[in-house]
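What follows is a single structure, written as structure tokens, with notes after it.
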2 protein chains.
Amino acid sequence: MSIIFSRQCEYALQAVTYIALKPSGEMTSIKELAKILDIPYHFLGKILQNLVYKGLLISQKGPSGGFALGMAAKDITLFHIVEAIDGVDFTNKCVLGFPECSGKNPCAAHTHWGNLRDGIYQMLVSKNIAEMAKDMKKPEYQLAAG
Amino acid sequence: MSIIFSRQCEYALQAVTYIALKPSGEMTSIKELAKILDIPYHFLGKILQNLVYKGLLISQKGPSGGFALGMAAKDITLFHIVEAIDGVDFTNKCVLGFPECSGKNPCAAHTHWGNLRDGIYQMLVSKNIAEMAKDMKKPEYQLAAG
DNA sequence: CTAGATTAAGATAAAAGACTCCGAATTAAA
DNA sequence: TTTAATTCGGAGTCTTTTATCTTAATCTAG
Ligand code: SF4
Ligand code: SF4
């Protein structure tokens, strides 16, 4: 189902983007995120918990509690989130599954794949959550700003 | 663990490339493939069985039996193999996991991701097994030609 | 023709990933 | 101060993927 990143990771990217649209100081609850983004409630809870542990989010319990960004939106790149959830093994893994991905005994696809992998990396580090939130046009995300 | 393609698919790509190095008419057994490429024997059996069903390989039972290419090596692209094992959903799926990957409400990463996805597709259709086999320098593949 | 080697097929098991449930801890609001 | 809302943490379930085991079918070599 997922292409490159785990389901958890996809959910994390979606949720953090949503949280970034909230006015500063306002918390977003798991309930709201789960409902609007259609993510399993308890599963999302665990994921956000992890992001808090990694410092990307902060949390608060009790009524009107929830989650907020742990640092400025522009300082959280997609890479930070992927790194926190899936790890970054993909940066040195072969797409064909050979044990050792190096230029030592390159196959016919190595250069092509190397470029693509760099492209993925570039996408992740060049896009931050501020941009993602700002440019987000999907209707379910319009609610966050309200 | 795998980046884009399933483990099965990776094994298939490796095995078919190995088979392509054998002189025409010679069959390659599961035993040989499993040993040299370090792939679980029975698991590989199932995978090759599937590739036979899809027409990419042919098989023969009995002593000196095994598998051989079902068509000319230059006519089997990486895409054919991926298509046979994993399917090609990745060609229209969002890397961030949003339900609907279209240009309708594009996010900030859409263009970048679209290019990468096209690049992956291009890699798969432009590389065929003849090329892969010919350019293969990995030592375990040198045995095949012997 | 026989024996052994090999693929085919189905059932099962183990591991990983995705998801659920429950209760405890915390905290803001009433 | 009480209550209810919320995150936290652990355990458990379900599903998918990966891998193993066993037997049957087939074919070649001798
Ligand atoms: S050479 Fe081909 S196989 Fe080896 S790592 Fe690079 S891409 Fe993977
Ligand atoms: S726009 Fe962004 S989110 Fe929507 S499909 Fe393209 S990449 Fe995925």
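Values below: every heavy atom of this structure, side chains too, minus hydrogens, waters and symmetry copies. In what follows, chains carry the letters A, B, and so on, assigned in the order in which the sequence lines appear, proteins first and then strands, with residues in each chain numbered from 1.
Relative ring orientation between B:F98 and A:Y141 is described as tilted, the plane-to-plane angle lying within the 30° to 60° band. Between B:Y11 and B:F43, the ring-plane angle classifies as perpendicular under the 30° and 60° cut-offs.
The nearest whole Å value for the distance from the CE atom in A:M27 to the P atom in D:dA5 is 18 Å. Nucleotide D:dT7 holds its P atom 16 Å from the CG atom of A:N50, rounded to whole Å. Protein atom CD of B:E26 is 13 Å distant from nucleotide atom P of C:dT6, rounded to whole Å. For the pair B:I47 CD1 and D:dT17 P, the interatomic distance rounds to 13 Å; values are reported in whole Å.
Side-chain nitrogen and oxygen atoms of A:S59 include none within less than 4.0 Å of the OP1 or OP2 phosphate oxygen of D:dT6. The shortest distance between the side-chain N/O atoms of A:Q60 and the OP1/OP2 oxygens of D:dT6 is not below 4.0 Å. Taking 4.0 angstrom as the limit, B:S64 places a side-chain polar atom (N or O) nearer than this to OP1 or OP2 of D:dA29.
B:Q49 pairs by the side chain to side chain contact (heavy atoms under 4.5 Å, CB included) definition with nothing, not counting sequence neighbours. Evaluation of the side-chain hydrogen bond (donor to acceptor under 3.5 Å, both in side chains) rule for A:T77 yields A:H80 as partners, not counting sequence neighbours.
Between A:K22 and A:E32 a salt bridge is recorded (basic side-chain N to carboxylate O distance below 4.0 Å). Ion pairing between a basic and an acidic side chain is recognised when a charged N comes within 4.0 Å of a carboxylate O; A:K93 and B:E10 show no such pairing.
No engagement by A:L48 is indicated, since no non-hydrogen atom pair under 4.0 Å with the nucleic acid exists.
When distances run from any side-chain atom of A:V52 to the nucleotides C:dT6, D:dA5, D:dC8, the shortest one goes to D:dC8. Minimum atom distance to the side chain of B:S6 is reached by D:dT18, of the listed D:dT18, D:dC27, C:dA28.
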Taking only N/O atoms, report every protein-nucleotides 19-24 of chain C pair under 3.5 Å with atom names and distance.
| unit_1 | atom_1 | unit_2 | atom_2 | d |
| --- | --- | --- | --- | --- |
| C:dC19 | OP2 | A:Y11 | OH | 3.3 |

